Each structure stands twice: as structure tokens, then as C-alpha cells.
Number of protein chains: 2
Amino acid sequence: MAQPHELRERGLRLTPQRELVLAAVRELDHATPEEIAEKVRQTHPGINLSTAYRNLETLENVGLVQHSHLGHGGASYHASEEVAHLHLVCGTCGSVGDAPIEVASSFVNELSEDYGFRTDVSHFAVYGTCSTCSQKELE
Amino acid sequence: MAQPHELRERGLRLTPQRELVLAAVRELDHATPEEIAEKVRQTHPGINLSTAYRNLETLENVGLVQHSHLGHGGASYHASEEVAHLHLVCGTCGSVGDAPIEVASSFVNELSEDYGFRTDVSHFAVYGTCSTCSQKELE
DNA sequence: CTGAATCTGCGAATCATTCGCAAGTGGTCT
DNA sequence: AGACCACTTGCGAATGATTCGCAGATTCAG
Ligand SMILES: [Mn+2]
Ligand SMILES: [Mn+2]
Ligand SMILES: [Zn+2]
Ligand SMILES: [Zn+2]
């Protein structure tokens with residue numbers, strides 16, 4: 001018995017564009033739709049940007065990819081199987097650091113207990129000032 | 001000794017548009033540039049949307065207003081003197097709830113101690129699923 | 001009161017994302 | 001293999017949000 005393809009078993013048609021978009025999301029990390037389309041073009045030069053957008057939305061609907069917001073602008077996409085982590089975005093220098101989600105577990109628990117709110121800490125970045133920029137402020 | 005106007009003492013010229021934009025930010029809470037311009041039009045019908053954008057940027061530069069991101073889209077502005085609080089945004093129903101920033105204090109401390117990162121927890125919303133939507137999922 | 005620097009209104013330009021539609025393709029059922 | 005139809009794609013246009021360029025108006029120091 002042919003083992004169903006991961007896209008087919010979610011009710012999606014298998015098109016080269018769709019497979020390549022998914023592969024690009026997996027290779028690149030936190031990539032924008034534009035960057036993903038650019039990556040796909042290495043293999044499939046004709047892909048249209050709107051096809052990338054449409055497939056990202058479709059893939060997100062079936063849970064294979066997710067988006068998050070790392071800056072003030074548009075979203076970036078990552079594969080769902082990727083290990084979740086926090087993004088520490090510095091508003092001064094723009095750097096993006098990582099931290100394990102465990103750092104937020106007590107915060108998440110408190111919101112859950114006090115407000116019944118189930119938090120996805122990695123959907124939005126954590127905004128602030130990085131240590132480097134904090135030190136420069138003292139000068 | 002004439003006591004300098006809050007805008008003048010920050011090196012800004014005093015224009016009716018600028019004062020009205022600041023007043024609108026203070027009256028409305030978490031308003032978009034569009035909503036702020038709309039509010040200003042009640043008093044000064046001629047104000048242009050781009051003037052609202054420019055003044056919001058200017059007022060933010062001198063620290064009188066700040067912006068935050070409550071959804072996937074554009075920013076919203078609030079007065080700096082306003083009491084900071086968390087925004088709990090539900091990705092399912094879109095509701096925006098509030099919570100005191102103290103809920104995040106241990107999280108903020110941990111990021112500070114472990115990464116030297118000074119977090120502004122209210123710049124980005126806290127994303128997740130509200131209690132109402134969580135319960136509906138169980139059905 | 002004057003002049004230079006700063007602001008404003010207006011329309012056009014950008015940028016990101018979404019749409020409409022006609023042509024192309026994938027999966028299913030003979 | 002062949003036919004059919006729903007799903008996809010490419011393309012260009014439409015949107016919506018924000019930014020720019022510029023010429024005329026305003027603010028404020030001198
Ligand atoms: Mn921001
Ligand atoms: Mn989002
Ligand atoms: Zn920094
Ligand atoms: Zn909800």
C-alpha cells in the first residue's frame with residue numbers, strides 16, 4: 001500500500017509549487033513570503049509571488065507551517081515541526097535573539113490560571129532592548 | 001517666566017494639528033493613525049492623514065506617545081503616561097483582553113537576568129486563545 | 001516685522017498582500 | 001489510456017497602509 005504523501009493525506013493536491021514552498025519554509029528559517037518565493041525560484045523560476053502567498057496560507061490551514069511576527073512589518077513563516085523558541089527583538093539595533101520557550105512557562109501558566117488564556121508565546125516576538133544596547137545607553 | 005508648553009519644551013513647534021493629534025491619542029485608547037485623524041477632524045476637518053502619521057512619528061520621537069501591535073496589522077498609538085498593561089489577543093475570535101503588567105514580572109526578570117534583555121511586554125500583544133474559545137474547542 | 005526653518009495639504013509613489021479570471025494540471029472514475 | 005472537473009497557477013489589476021516630494025503656509029527667533 002502506497003503510503004500517502006504528507007500533502008495528499010491532508011487533502012491537498014500535490015503540485016510542484018506547493019511542494020517547493022513547503023521545502024523552502026523548512027530550509028529557510030523564519031522567512032518572508034518574498035524570501036520563500038525567491039528560494040523556490042532556484043528550482044522553479046516561474047513561480048509567482050501570489051502562488052507563494054496562497055500556498056503558505058493553505059499549508060498553514062492544514063498545520064504544516066505557521067507564521068510569526070518578528071518585527072513591525074509582515075509575517076515570517078516556519079515549519080510546524082520546528083522547535084518553538086522565543087524571539088528577543090531589540091527595538092534599538094534590530095537584532096533578533098533566541099531563547100527557549102521554557103523561560104516563559106511561569107508566565108504562560110499564570111495567564112492560564114488567572115485568565116484561562118492559552119498563550120502562544122512565539123507568535124509575536126518579545127520586544128525590548130538587548131544587553132548590548134542597554135550598556136551603550138549608560139555611556 | 002512663561003511655563004513652556006509640553007511640545008515647545010521638547011523642541012517642537014506648536015501647530016494646531018500637532019496639539020490635536022496628541023489630544024486625540026490621549027482621548028482614544030490604542031487608536032490607529034486613521035482613527036486618530038478621524039478624531040482630529042471633529043475639530044480640524046482639513047487635517048490630512050499624512051499629517052497625522054508625521055505627527056505621530058514626531059511625538060513618538062520625543063517620547064509623548066508610543067505605539068504597540070495588537071494584531072497582525074498596523075500599529076496603534078497610546079499616550080506615554082498611560083498605565084502599561086498587557087493585551088491578550090485571541091487568534092480565534094479576535095478579542096483583546098487586558099491584564100496588569102505584573103503578570104509578566106517574573107518572565108521579564110528572567111529575561112533580564114539570563115539574557116540582559118530589557119523587555120517591553122506591552123509593545124507586542126500576547127497572542128493565544130481566550131478562555132471562551134478554548135472551551136468551545138472541547139465540544 | 002522679517003526670514004529661515006519647520007509644517008501642512010495634496011497627490012503620487014511604494015510596499016505588502018489580495019483578487020479576478022482564463023488557461024493549465026492533478027486526481028478520479030471509466 | 002482518456003475524459004472530466006475541481007483545484008491551481010500565472011498574470012495583471014486592485015487594495016490598503018504608509019511614505020514621499022514639493023510648493024505654499026505657518027511658526028518663532030531675532
Ligand atoms: Mn513596533
Ligand atoms: Mn499573526
Ligand atoms: Zn540592540
Ligand atoms: Zn477567543
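If you're wondering where the values come from, they're calculated on a predicted model, not measured in any experiment. Every chain is numbered from 1 and lettered A, B, ... according to where its sequence line falls, protein lines coming before strand lines.
Less than 4.0 Å separates DNA chain D from at least one heavy atom of each of the following residues of residues 11-22 of chain B: B:R13, B:L14, B:P16. Within residues 23-32 of chain B, no residue is approached by DNA chain C to less than 4.0 Å at the level of any non-hydrogen atom.
The ring pair (Phe, Tyr, Trp, His ring centres under 6.0 Å) contacts involving residues 93-118 of chain B comprise A:F107-B:F107, where partners must be two or more places apart or lie in separate chains. Listed by first and then second residue, the side chain to side chain donor-acceptor pair (under 3.5 Å) pairs that reach into residues 127-136 of chain A are A:S134-B:R118, sequence neighbours excluded. Annotation: salt bridge (charged side-chain N to carboxylate O under 4.0 Å, His left out) contacts involving residues 66-80 of chain A, sequence neighbours excluded, are absent. Applying the side chain to side chain donor-acceptor pair (under 3.5 Å) definition to pairs two or more places apart or across chains, those involving residues 13-24 of chain B are B:H5-B:E19, B:R18-B:N55.
With rounding to the nearest 0.5 Å, the separation of CZ in A:R26 from CD1 in A:I36 is 12.5 Å.
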Under 3.5 Å, sequence neighbours excluded: what are the donor-acceptor pairs made by side chains of residues 61-77 of chain A?
residue: A:N61; atom: ND2; partner: A:E57; partner atom: O; Å: 3.4
residue: A:Q66; atom: OE1; partner: A:S80; partner atom: OG; Å: 3.4
residue: A:H67; atom: ND1; partner: A:E60; partner atom: OE1; Å: 3.2
residue: A:H67; atom: ND1; partner: A:E60; partner atom: OE2; Å: 2.8
residue: A:H67; atom: NE2; partner: A:H69; partner atom: NE2; Å: 3.4
residue: A:H67; atom: NE2; partner: A:H123; partner atom: NE2; Å: 3.4
residue: A:H69; atom: NE2; partner: A:H123; partner atom: NE2; Å: 3.4

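The side chain of B:R8 contributes an N or O atom lying less than 4.0 Å from OP1 or OP2 of D:dA29.
A residue-by-residue look at B:G74 and A:H44 shows that A:H44 has its nearest nucleotide of DNA chain D further toward the 5' end.
The side chain to side chain donor-acceptor pair (under 3.5 Å) search around B:S106 returns A:S106, not counting sequence neighbours. Residues forming a side chain to side chain donor-acceptor pair (under 3.5 Å) with A:R8 (at least two apart in sequence, or on another chain): none.
Axis orientation changes by 30° from one end of the helix from C:dC1-D:dG30 to C:dT30-D:dA1 to the other, with each end axis drawn from 5 pairs and the value rounded to 10°.
In this structure, B:Y53 shares a hydrophobic cluster with B:L49, the cluster being traced through Ile, Leu, Val, Met, Phe, Trp and Tyr side chains under 4.5 angstrom apart.
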Produce the list of close N/O pairs, under 3.5 Å, pairing protein atoms with atoms of nucleotides 10-12 of chain C; give distances to one decimal.
residue: C:dC10; atom: N4; partner: B:S50; partner atom: OG; Å: 3.3

